[in-house]
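Whatever order the structure lists them in is the order used to number ligands and atoms, beginning at 1. What you are looking at is a predicted structure, and each value in this text was computed from that prediction instead of being measured.
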Amino acid sequence: MAKRPTIVRAVPALRRAVAAYRDAGERIALVPTMGALHRGHLALVRQAHARARRVVVSIFVNPTQFAPHEDFDSYPRRFATDIAALSEAKVDLVWAPSAAVMYPQGFASRVEPGGPAKAGLEDKFRPHFFGGVATVVAKLLTQTAPDFALFGQKDYQQLRVVTQMAKDLDLPLKVIGVPTVRETDGLALSSRNVYLSAGERSVAPTLYRVLKAAAVRIKRGEAIARVLDVARIEIDLAGFTLDYLEARHALTLVPVASRKDEPIRLLVAAKIGKTRLIDNLAV
Ligand code: PAF
């Protein structure tokens with residue numbers, strides 16, 4: 001039977017475990033998650049193993065990145081199943097603090113990210129989100145003091161925000177973006193896909209299909225604005241309510257006007273029924 005990772009729920013115990021790894025000269029890779037793990041998370045764990053002797057996974061559904069009307073209460077929580085998957089994946093330690101440990105009585109500080117966090121993408125529709133993410137990720141990174149931290153490219157703006165934050169705060173680690181894992185029909189894996197009805201699930205891969213077609217047309221030299229207009233119509237016609245479909249500079253996330261402004265990333269967010277999906281693709 002696979003060995004269960006050590007499960008740690010308090011900061012002093014975490015510090016002792018991390019110090020023991022350091023004393024043994026072992027490198028540490030952190031995979032921050034909110035649990036409800038899927039193959040995308042396990043791909044992050046595999047990349048973590050490729051870089052470091054010790055792999056730490058955090059499981060914490062972070063209340064500060066959800067607005068009051070969002071799905072914090074219903075967000076899938078499957079701790080026992082997650083631990084079984086992480087045992088198979090040979091994870092050394094699971095950092096699973098409670099909200100009271102992460103945000104104790106009197107907690108009063110916050111990381112307020114700028115730059116890619118103000119790109120007018122996710123931040124426009126979820127204004128609370130990146131402040132909550134940056135604050136909790138800054139805490140996770142100081143708590144676990146890893147050499148590497150791995151994030152999925154699926155949440156592309158989040159990846160750019162935490163990369164910039166780690167740089168700005170001089171955190172001594174490398175942030176690594178890992179390619180999105182997809183279902184065979186192209187749908188990007190997400191813990192929120194469980195919310196999709198059968199009908200919505202069958203329509204959901206449209207987003208990736210439209211992104212792929214748009215990327216091909218932009219690469220061929222067609223005008224970006226025109227390509228995006230057509231793609232937006234296709235997304236609407238498939239039954240989504242589109243929040244945004246944008247072409248942005250892949251590092252700064254500023255708008256791009258032509259192919260010359262590369263590297264370019266296409267980013268999309270749209271609702272199907274009550275479920276909001278996001279995806280992105282390099283041009
Ligand atoms: O991507 C996520 O699961 C979360 O936003 C993260 C990075 C674990 C912070 O809570």
Side-chain donor-acceptor contact under 3.5 Å, Y195 with E200
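Judged by distance alone, the side chains do not pair up.
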
Test of proximity, Q158 against ligand 1: N or O pairs below 3.5 Å
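Yes; at least one N/O pair falls below 3.5 Å.
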
Any N or O of Q65 that comes nearer than 3.5 Å to an N or O of ligand 1?
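The answer is yes, given that Q65 and ligand 1 share an N or O pair closer than 3.5 Å.
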
State whether the side chain of D82 and the backbone N or O of H38 hold a donor-acceptor pair below 3.5 Å, judged by distance alone.
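Side chain of D82 to backbone of H38: no pair is present.
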
Under 3.5 Å, side chain of N62 to main-chain N/O of G132, donor-acceptor pair present?
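Here the side-chain-to-backbone pair exists.
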
Yes or no on side chain to side chain contact (heavy atoms under 4.5 Å, CB included) for R126 and R276, after CA distance, side-chain angles and deciding distance?
CA-CA 11 Å; R126 306 184 69 195; R276 189 168 180 278; 3.8 Å; yes

Per-atom contacts, ligand 1 versus T33 - under 4.0 Å to a heavy atom:
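Reading through ligand 1 atom by atom, the close ones are 8 (C).
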
Atoms in ligand 1 with a heavy atom of V136 nearer than 4.0 Å
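That gives atoms 9 (C), 10 (O) of ligand 1.
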
Check this for me: does any side-chain nitrogen of one of D147 and R22 sit under 4.0 Å from a carboxylate oxygen of the other?
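Counted as a salt bridge, because a side-chain N and a carboxylate O are separated by less than 4.0 Å.
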
Suppose we measure from atom 3 (O) of ligand 1 to each protein heavy atom; which comes out shortest, and what is that distance?
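Of the protein heavy atoms, M34 CG, 3.6 Å lies nearest.
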
